[in-house]
There are 2 protein chains.
Amino acid sequence: MKWDTLDEEPCSLSRTVAVVGDRWTLLILRECFLRVRRFEAFQSSLQITRHLLSERLKKLVRFGILRRIPYSEAPKRYEYILTQKGLDLYPIIMAMVHWGDTHMGDERGRPLLHQHKTCGKLFDPVMVCSECGEVLHAKQVHVHAGPGREEAVG
Amino acid sequence: MKWDTLDEEPCSLSRTVAVVGDRWTLLILRECFLRVRRFEAFQSSLQITRHLLSERLKKLVRFGILRRIPYSEAPKRYEYILTQKGLDLYPIIMAMVHWGDTHMGDERGRPLLHQHKTCGKLFDPVMVCSECGEVLHAKQVHVHAGPGREEAVG
DNA sequence: GGCTATAGTTCTAAAATGGAACTGTCAAAC
DNA sequence: GTTTGACAGTTCCATTTTAGAACTATAGCC
């Protein structure tokens, strides 16, 4: 597999995997959603090597998920902020958190609770159909080849 | 980072990442949701090395995401089927597909279209609040430390 | 016996990662 | 005006993972 062209495969999952499909990137994104923005902060909270952190941040900037913004002119210092494209990764992160809550929990209960500011309640994220609003299940979905692919699949 | 104990971290995202947080595993799961079940079928559609495929399938079985079921007694042959725990990964996969459709598309259009059997329409997956049903956005969510973690975060 | 199909395992070279030390810039403290 | 410390990286080398290909094993079919 040529990972460097995975983002050009005729498959939206592959393209997403090309960007966020590794362990460190997902953990870095978690920190971003918890409002972490600076190199040292990522490094100390994740215990990631500085080299890899530098690589991953560059990659996320390159793909337009983070924006590198100066917060100090002299010395030059930057912080990493989620773009709209990055913020749109939220459902992926939340889906993973919810699966972990459901299937990987221990006797101590959930590590984090999420409160919806709009309605004020503690909630779980639920994936629904954009058309009818019903909860989605794999077995109720039929897959067709779209215009971006010739042959039929699945 | 000790990746072998990532599934015991007091963070549901980490625990999920421990299981599905690598490129091959996510691609293998895509194939599972497209009804692929056999070793040779995974291998030829993904072009993954047989060694890694073997490793990843074992890991998915160990975590209870796939079940290894004999479909032939002599010679012993097995196929890999998603358990309920595995089927519950569907929102993660769909969230990734949707993000790819939205942000990584090219001029040819979507590779795949999804039809909801329940309502009959082509749809997008949308993540909503389990309590009020509103669409979720990162900025409308407040995070609290839960019982599974002592100190407050974010 | 020879051929094919399936599901792996083994081997070696190449690539990625971990861990630690090093670089460079500037502000504030002494 | 020299030292200390914070920050944002880069460099180096040992270890671990992965890629790619060949090999093993079982059994059905001709």
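The sequence lines fix the lettering, A, B, ..., with proteins before strands; numbering per chain opens at 1.
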Next on the checklist: Once ring-ring contact (aromatic ring centres under 6.0 Å, His included) is applied, do any residues pair with B:Phe42, and if so which ones, sequence neighbours excluded?
Outcome noted: none
Checklist entry - Checking all strands, does B:Phe42 fall into the base, sugar-phosphate, or nothing category for heavy-atom contacts under 4.0 angstrom? => result nothing
Less than 3.5 Å apart, which donor and acceptor atoms pair up between the side chains of residues 63-72 of chain B and the rest of the protein, not counting sequence neighbours?
{"from": "B:Arg68", "atom 1": "NE", "to": "B:Tyr80", "atom 2": "OH", "distance (Å)": "3.2"}
{"from": "B:Ser72", "atom 1": "OG", "to": "B:Pro75", "atom 2": "O", "distance (Å)": "2.6"}

Checklist entry - How does protein contact run along nucleotides 24-30 of chain C, one letter per nucleotide 5' to 3', with B for base contact, S for sugar-phosphate only, - for none, heavy atoms under 4.0 Å? => result BBS----
Checklist entry - When you check the gap from the basic side-chain N to the acidic O, do A:Glu40 and A:Arg77 get nearer than 4.0 Å? => result no
Checklist outcome for this item: Those residues at least two apart in sequence (or on a different chain) that pass ring-ring contact (aromatic ring centres under 6.0 Å, His included) with A:Phe39 are none
Report each atom pair, protein N/O against N/O of nucleotides 1-3 of chain C, whose distance is under 3.5 angstrom.
none

Checklist entry - Any side-chain N or O of B:Trp3 under 4.0 Å from OP1/OP2 of C:dG18? => result yes
Next on the checklist: Set out, in order, the CA-CA distance, both residues' side-chain angles and the distance that settles side chain to side chain donor-acceptor pair (under 3.5 Å) for A:Ser14 and B:Arg30, then state yes or no.
Outcome noted: CA-CA 9 Å; A:Ser14 296; B:Arg30 173 190 74 188; 2.9 Å; yes
Checklist outcome for this item: Contacts of A:His114 meeting ring-ring contact (aromatic ring centres under 6.0 Å, His included) (sequence neighbours excluded), chain-then-number -> none
Checklist entry - Do you know which two heavy atoms are closest between A:Arg149 and B:Pro111, and how far apart they sit? => result CB-O, 3.5 Å
Checklist outcome for this item: Here the residues of residues 49-62 of chain A within 4.0 Å heavy-atom distance, strictly under, of DNA chain C are A:Thr49, A:Arg50, A:Leu52, A:Arg56
Checklist outcome for this item: From CG of A:Leu27 across to C1' of C:dT17 the rounded distance in Å is 15 Å
Item to check | Criterion side chain to side chain donor-acceptor pair (under 3.5 Å) on A:His116 and A:Thr118, from CA distance to verdict | outcome: CA-CA 5 Å; A:His116 195 204; A:Thr118 312; 3.2 Å; yes
Item to check | salt bridge (Lys or Arg N to Asp or Glu O under 4.0 Å) involving B:Glu31 - partner list, sequence neighbours excluded | outcome: none
Checklist outcome for this item: Taking for A:Tyr78 and for A:Arg23 the nucleotide of DNA chain D with the nearest heavy atom, the one nearer the 5' end belongs to A:Tyr78
Checklist outcome for this item: With sequence neighbours left out, the residues meeting side chain to side chain contact (heavy atoms under 4.5 Å, CB included) with A:Asp22 are A:Trp24, A:Thr25, A:Arg56, A:Lys59
Checklist entry - For residues 121-139 of chain B, which residue pairs qualify under side-chain hydrogen bond (donor to acceptor under 3.5 Å, both in side chains), counting only residues two or more places apart or in two chains? => result B:Arg110-B:Asp124
Next on the checklist: Rounding to an integer number of Å, can you tell me how far B:Glu40 CD sits from C:dT4 C1'?
Outcome noted: 12 Å
Checklist entry - With sequence neighbours excluded, what pairs up with B:Tyr90 under the ring-ring contact (aromatic ring centres under 6.0 Å, His included) test? => result B:Phe33
Checklist entry - How would you give the extent of chain B contacts on DNA chain D, as first and last nucleotide 5' to 3' within a 4.0 Å heavy-atom cut-off? => result D:dT18 to D:dG28
Checklist entry - Can you check whether B:Pro147's main-chain N or O pairs, donor with acceptor, with A:Arg108's side chain at less than 3.5 Å? => result no
